[in-house]
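Structure record follows, encoded as structure tokens.
Basis for what follows: all heavy atoms, side chains included, without hydrogens, waters or symmetry-related copies. Here is the naming used below: chain letters follow the sequence lines, and residue numbers restart at 1 for every chain.
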Amino acid sequence: MTSRIADVLIPLALDTAYSYAVPDGLAVEEGDVVQVPLANREVAGVVWGMRDGQGGNLKKVTAVIEAPNLSPKMRKFLDWIAWYTLAPKGSALAMGLKIPDPDRQEVARVGVKLAGPSPKRMTPARQKVMEVAQDGTVRLKSELAHAAGVSAGVVNGLIDEGVLETVTLLAEPVAEMPDPAFGHTALSDGQREAADTLVAAMGEEHAPVLLLEGVTGSGKTEVYFEAVAEAMQQGRQTLILMPEIALTAQFLDRFAARFGVKPATWHSGVTGRKRERLYTAIAANEVKVVAGARSALFLPYADLGLIIVDEEHETAYKQDDGVHYHARDMAVVRGKIENAPVVLASATPSIESRVNVERGRYRHVKLPERFGGRSMPQIRAVDLRKEAIPKGRWLSPTLVAAVEDTVARGEQALLFLNRRGYAPLTLCRSCAHRYECPNCSSWLVEHRFRRSLVCHHCGHVERTPHACVECGSVDSLVPCGPGVERIAEEASELFPDKRCIVLSSDFPGGTERLRAELAAIAAGEFDIVIGTQLVAKGHNFPLMTLVGVLDADIGLTSGDPRAAERTFQMLQQVTGRAGRGEKPGRALVQTWQPDHPVIAALISGDAERFYEEETRVREMAGLPPFGRLASLVVSAAEREAAETHARAMALVAEPPPGVTVLGPAEAPLALIRGRYRFRLLVKTEREVDLQAYLRSWMARCPKIRGNTRVSIDVDPQSFL
DNA sequence: AGCACGCCGACT
DNA sequence: GTCGGCGTGCTC
């Protein structure tokens, strides 16, 4: 006897869907979320396929869960991701499936309003509440208490006495409907033309990918907002992807200025009931625009009509644990599957996107100038071979004079050094002991504010010792080299009456305080900002007219094949912070190698030439974009680290046909969250077969298979 | 992700 | 002896 069988994919690290018999009378369709027995428990999964067959010895589907059905397009997308990243299908599903928690209580929103009678006993606190409530409108309990400046207890007391009455409120809408016609911003001719190109792309039969390139301050956001408006007019949904850090109040305000309301936002901080409601509302096409971090790519959009990837070159789009993926590239794939145009926006596009433009896969839309006639900052090198800096100082006389000048005019200066902490290396003066990380043999960085030594590689932290741990000498530790904290010390010595602030990712007080301080900087409450990468992105400081780069050469000598590109992008972004307000900006770049291609391109502003040359250099080195590159990340428990490492190295020595291992020959081990990791770079000749090659390769070494994770690092070729 | 199973060292 | 630590493997 045949029966209906459902192949159910369970959101665990399982690569195949499991088969369950469908009981008579239970309506089950492909894409449905169902509850099934697994081992000795019940789990949720998604019906990946339906078929007829002998289901007698199979376990049965328990129930259909009330959750949005996963569309065929969504399932195809998740299948593709699993194949492409070599991750188990179930792991891919886990990224795109949110099961409503049946235990979660709907939090009733209780409103209160004035009922009539005056309180029997009047107190000052009650008086304040009465004054606020006088207008008779309904307010949330907490809002009323807050507006009156009293605690909730006072309001509760008045409710008990019958002075205030409670009203049950409808749930707050998850997101408000943006209005495409709300506020038209005046666009420049260049912006208008670019916006028209994007809008025209929305009507094409085969949705294209467009690279929107425009210097910092050229108004890219306003340009792609026009495409967002078009999608809304067509009744379709838009996803705006951004690096987590860029989901700022500033961006949301700009969106609100154009569309009347803020967009729905999705990131790791959106949790609980809010997350569930947003998820279902997106699946029901009730939310038209989502601005989100990379995880927003896996939401079940009912009718996705446009994807924007803001700051497409950002490395934050790479997910480096679990399923390894690059959200920008996956966005291109999702756009292809949904037939939605994808706009990649950046002031400094990645090499792979440039190559895709060159090869005709992506279209190039360029915004040549800054908006409102503002000019790009003037950039000058300070040649450290010619200009002496006093011992123990890091700011050159030229830069010091420029800062002095700038702050004297009431403008702001940014001192950029991409190195957290006080000093990158600590030595003992007596015995020359170097403080190294016990786990991964990198130097421990002194953090003076926190009074500790920190490993920036694995996160190991120890108290800064008073006496040398090696020879016992007291007060013998010498900090070597500068970090931002040390620069802050120097700045406050040089400019004692100026207000300085240090910004780095280990900013005390977390994101909340960081946001507040960024706003304070924009409002002019500081004169000198000392910061790492963090300040290079996303924030607009209208009063900032000088950017000093303290050591432009950091990163240029590392072994990373993308070091030059990354450094160039970072320096271009950070120098672009200058002169975004009324007054023109300038940048001074301290360097030991003013003739290095990265520095020369930065000074001359000739990005095109730099990228051409960089592409050629890579081609000669056999690196992408002209091959397919994968980065094998292998992780193992401590006990097996040595053996796993040895086996992986044996694989490296004997790659299958078509695969080239670029190295390193001896991959260094790093301890991250209790597991040893190392990375290998692998390239294949052919365009499509990388996954097949790697799977067969790993299969030859079963011992490390379970511990091996493979991420595809760069791939400019295979999507279209 | 859970959970069982099996292998090792330290105890009521 | 056996309790419990973790590392490994399985779940239709």
Side-chain angles (χ1 to χ4, degrees), chain A residues 1-24 26 28-65 67 70 75 78-79 81-82 85-104 268 271-272 275-276 295 298 319 321-325 439 634-648 669 671-678 695 698-699 701-709:
Chain A
M1 186 194 108
T2 68
S3 57
R4 297 246 74 196
I5 293 174
D7 293 319
V8 178
L9 189 61
I10 292 153
L12 300 176
L14 301 167
D15 203 30
T16 49
Y18 286 168
S19 303
Y20 291 89
V22 180
D24 291 337
L26 191 66
V28 175
E29 282 173 39
E30 290 187 355
D32 280 350
V33 181
V34 291
Q35 186 184 322
V36 290
L38 180 74
N40 53 356
R41 65 214 145 104
E42 294 280 324
V43 294
V46 175
V47 180
W48 226 243
M50 292 289 296
R51 63 197 164 87
D52 292 314
Q54 246 75 4
N57 49 357
L58 296 176
K59 290 190 181 178
K60 289 191 178 66
V61 175
T62 315
V64 177
I65 294 174
L70 246 56
R75 280 178 276 140
L78 295 173
D79 274 337
I81 295 217
T85 61
L86 308 191
K89 281 186 182 180
S91 304
L93 175 61
M95 299 192 295
L97 189 66
K98 305 278 170 292
I99 309 294
D101 178 358
D103 297 335
R104 202 190 307 285
S268 53
T271 54
R275 194 179 178 90
E276 283 177 9
S295 59
F298 298 97
Q319 169 109 77
D321 53 274
V323 181
H324 298 255
Y325 66 91
N439 302 324
V634 185
S635 75
E638 180 168 8
R639 230 180 59 185
E640 295 182 358
E643 196 195 346
T644 308
H645 191 255
R647 281 170 179 274
L669 289 167
L671 184 70
I672 295 165
R673 263 169 281 141
R675 293 182 75 79
Y676 278 88
R677 286 165 59 114
F678 57 96
R695 278 187 202 276
M698 286 193 295
C701 195
K703 180 71 189 178
I704 60 168
R705 189 174 48 196
N707 288 329
T708 309
R709 284 286 109 81

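- At whole-Å resolution of the value, NZ in A/Lys59 and C1' in C/dC10 are 11 Å apart.
- In this structure, the CZ atom of A/Arg41 is 10 Å from the P atom of B/dA4, given to the nearest Å.
- Here A/Asn40 lies in heavy-atom contact (under 4.0 Å) with sugar-phosphate atoms only.
- To the nearest 0.5 Å, atom CG of residue A/Leu14 and atom OG of residue A/Ser91 are 8.0 Å apart.
- Within 4.0 Å (heavy atoms only), A/Pro11 reaches no atom of the nucleic acid at all.
- One can place OH of A/Tyr18 at 12 Å from C1' of B/dA1, the figure rounded to the nearest angstrom.
- One finds a side-chain N or O of A/Tyr20 lying less than 4.0 angstrom from the OP1 or OP2 phosphate oxygen of C/dC12.
- Rounding to whole angstrom units, CD of residue A/Gln35 and P of B/dA1 are separated by 20 Å.
- In this structure, A/Tyr18 OH and A/Leu58 CG are separated by 13.0 Å, a value rounded to the nearest 0.5 Å.
- For the atom pair CG of A/Leu12 and CG of A/Leu38, the computed distance is 6.5 Å after rounding to the nearest 0.5 Å.
- Distance, A/Leu12 CG to C/dC12 P: 11 Å, rounded to whole Å.
- One atom, CG of A/Leu38, and another, C1' of C/dC10, lie 9 Å apart when rounded to the nearest Å.
- A/Lys89 has its NZ atom 19 Å from the P atom of C/dC12, to the nearest Å.
- The distance between atom CG of A/Asp7 and atom C1' of C/dT11, rounded to the nearest whole Å, is 15 Å.
- At the heavy-atom level, A/Ile10 lies nowhere under 4.0 Å from the strands shown.
- From A/Glu276, atom CD reaches atom OG1 of A/Thr271 across 10.0 Å, with rounding to the nearest 0.5 Å.
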